[in-house]
Undergrad: 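What follows is a structure written as structure tokens; I'll ask about it next.
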Amino acid sequence: QSFPSQRNTLIHVSPTGNDRNTVGFASAPFRNIQTAISYAQHGDTILVDRGIYYEQIDLLGKKVLLTSRYIYSKDTLDIRNTIIDGNNAGDVVTLKTNEDRNTRLFGFTIRNGWSGLVITSSPHLSHLYITGNRGLYGNGSGLVSWEQCAFLLEHSIFEGNNDFVS
């Protein structure tokens, strides 16, 4: 996808947004989180409004802060109501492209995937609620990790997944 030439470093995503002819300003947010990730550059912040986002996302190795409004509000309802829902169509969040501590995922519910998180890198994950990840044949996990990785996971809840980690 091509984007307008204008540059934005605080990228907004909203269920009422549009992925065409925007760079994610607050007045014209993206609709999909993955589109915002594709647009983002290292050092950007992607701020996601409350809502349900039916998609599977890949951070693509980008050193960005992907966050709900919880980062500002400290209201746990922002975590519970900013939902990335895999729609049982794949892994919900993938971090497999050399992400490091400068890649931060903060303040989301991650649900209904084959696995909630698939990690082979070293991102910083915080204030997540990972639930209902059951896999294509009932063998999914809240978190799948392998290879040499040293991710930081803090202040998060795993509940109702087939497994916590595999």
Side-chain angles (χ1 to χ4, degrees), residues 9-13 30 32-38 40-166:
T9 60
L10 177 57
I11 302 160
H12 294 264
V13 180
F30 285 110
N32 290 295
I33 297 169
Q34 188 63 57
T35 306
I37 294 167
S38 295
Q41 295 180 10
H42 297 313
D44 288 351
T45 297
I46 302 170
L47 182 62
V48 181
D49 287 341
R50 286 184 181 185
I52 302 174
Y53 299 86
Y54 293 97
E55 56 186 306
Q56 297 83 47
I57 64 170
D58 186 331
L59 275 287
L60 304 173
K62 298 204 176 171
K63 279 64 170 155
V64 297
L65 168 61
L66 176 58
T67 183
S68 70
R69 292 195 173 271
Y70 176 78
I71 198 166
Y72 299 116
S73 70
K74 303 301 184 227
D75 181 348
T76 57
L77 288 176
D78 281 324
I79 296 171
R80 294 293 180 137
N81 292 305
T82 310
I83 301 164
I84 307 171
D85 187 307
N87 206 26
N88 286 314
D91 300 317
V92 185
V93 178
T94 300
L95 299 123
K96 300 192 309 188
T97 317
N98 299 316
E99 291 86 1
D100 62 20
R101 290 291 188 286
N102 294 309
T103 301
R104 295 170 291 158
L105 181 64
F106 191 88
F108 291 94
T109 292
I110 298 169
R111 72 179 191 194
N112 294 334
W114 297 350
S115 294
L117 299 164
V118 176
I119 305 170
T120 62
S121 59
S122 301
H124 182 178
L125 313 166
S126 185
H127 295 87
L128 302 174
Y129 178 58
I130 297 97
T131 186
N133 297 289
R134 305 210 176 271
L136 182 59
Y137 301 104
N139 59 353
S141 298
L143 186 151
V144 174
S145 179
W146 66 92
E147 298 181 13
Q148 296 293 328
C149 59
F151 60 89
L152 174 61
L153 174 66
E154 59 185 357
H155 309 292
S156 297
I157 297 170
F158 288 79
E159 182 176 83
N161 302 289
N162 276 10
D163 292 311
F164 165 68
V165 66
S166 64

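The structure displayed is predicted, hence computed values, not measured ones.
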Undergrad: Please give me the minimum heavy-atom distance between Ala89 and Gln56, naming the atom from each residue.
TA: CB-NE2, 3.7 Å
Undergrad: Is it true that Lys96 and Asp91 make a salt bridge, defined as a side-chain N closer than 4.0 Å to a carboxylate O?
TA: no
Undergrad: With the side chain counted from C-beta on, respond yes when Gln34 and Leu60 share a heavy-atom pair under 4.5 Å apart, and no when they do not.
TA: yes
Undergrad: Any side-chain heavy-atom pair from Ile84 and Val48 closer than 4.5 angstrom?
TA: no
Undergrad: With a 4.5 Å cut-off on side-chain heavy atoms, are Tyr72 and Leu47 touching?
TA: yes
Undergrad: I'd like to know whether Leu153 forms a side chain to side chain contact (heavy atoms under 4.5 Å, CB included) with Ile119, so could you lay out the CA-CA distance, the side-chain angles of the two residues, the decisive distance to 0.1 Å, and finally the verdict.
TA: CA-CA 11 Å; Leu153 174 66; Ile119 305 170; over 6 Å; no
Undergrad: Mind telling me whether His155 and His127 have parallel, tilted or perpendicular rings, with 30° and 60° as the class edges?
TA: parallel
Undergrad: Does NZ or CZ of Lys74 lie under 6.0 Å from the centre of the six-membered ring of Tyr70, at an angle within 45° of the ring axis?
TA: yes
Undergrad: Within a radius of less than 6.0 Å around CG of Asn98, do more than 12 heavy atoms belonging to other residues, nucleotides or ligands occur?
TA: no
Undergrad: Just verifying a value: how many Å separate Lys62 NZ and Asn102 CG, rounded to the nearest 0.5 Å?
TA: 15.0 Å
Undergrad: So which atom in Gly113 and which in Asn133 form the shortest heavy-atom distance, rounded to 0.1 Å?
TA: N-OD1, 2.7 Å
Undergrad: Please check this pair: side chain of Ser121 against backbone of Leu95, looking for a donor-acceptor N/O pair closer than 3.5 Å.
TA: yes
Undergrad: Roughly how far, to the nearest 0.5 Å, is the CD1 atom of Ile33 from the CG atom of Asp58?
TA: 13.0 Å
Undergrad: Is the shortest side-chain heavy-atom distance between Leu66 and Phe108 below 4.5 Å?
TA: yes
Undergrad: For Thr82 versus Asp78, what's the shortest heavy-atom pair and its separation?
TA: OG1-O, 2.6 Å
Undergrad: Can you tell me which residue among Arg104, Glu154, Glu99 is in a side-chain hydrogen bond (donor to acceptor under 3.5 Å, both in side chains) with His124?
TA: Glu154
Undergrad: Search all heavy atoms of Ser122 against all heavy atoms of Ala150 and return the closest pair with its distance.
TA: OG-N, 3.0 Å
Undergrad: Counting C-beta onward and ignoring hydrogens, is there a side-chain heavy-atom pair between Ile37 and Val64 closer than 4.5 Å?
TA: no
Undergrad: If we ignore hydrogens and angles and just use 3.5 Å, is the side chain of Lys63 paired with the main-chain N or O of Arg101 as donor and acceptor?
TA: no
Undergrad: How far does CG of Leu105 sit from CD1 of Ile46, to the nearest 0.5 angstrom?
TA: 10.0 Å
Undergrad: Go through it in stages, so that I can follow the logic: the residues are Leu65 and Ile71, the test is side chain to side chain contact (heavy atoms under 4.5 Å, CB included), and I'd like the CA-CA distance, side-chain angles, deciding distance and then a yes or no.
TA: CA-CA 10 Å; Leu65 168 61; Ile71 198 166; 3.6 Å; yes
Undergrad: Do any N or O atoms from the side chain of Ser68 and from the backbone of Ile79 form a donor-acceptor pair under 3.5 angstrom?
TA: no
Undergrad: What distance do Ile110 atom CD1 and Asp85 atom CG have between them, rounded to the nearest 0.5 Å?
TA: 11.0 Å
Undergrad: Measure the spacing between CG of Asn161 and CD1 of Ile130 and express it to the nearest 0.5 Å.
TA: 7.5 Å
Undergrad: Any side-chain heavy atom of Asn32 within less than 4.5 Å of one from Phe30?
TA: no
Undergrad: Any sub-3.5 Å donor-acceptor pair from Ser115's side-chain atoms to Leu143's backbone N or O?
TA: no
Undergrad: What pair of heavy atoms forms the shortest contact from Arg111 to Val92, and how long is it?
TA: O-CG2, 3.4 Å
Undergrad: Counting C-beta onward and ignoring hydrogens, is there a side-chain heavy-atom pair between Tyr53 and Val13 closer than 4.5 Å?
TA: yes
Undergrad: Look at the side chain of Ser156 and the backbone N and O of Leu128, then say whether any donor-acceptor pair between them is shorter than 3.5 Å.
TA: yes
Undergrad: Quick one: closest heavy-atom pair of Ile157 and Arg80, and the distance?
TA: CD1-NH2, 4.4 Å
Undergrad: Mind checking the CZ-CG spacing from Phe158 to Leu117? Nearest 0.5 Å is all I need.
TA: 5.5 Å
Undergrad: Are Leu59 and Ile57 side-chain neighbours, meaning at least one heavy-atom pair lies under 4.5 Å?
TA: yes
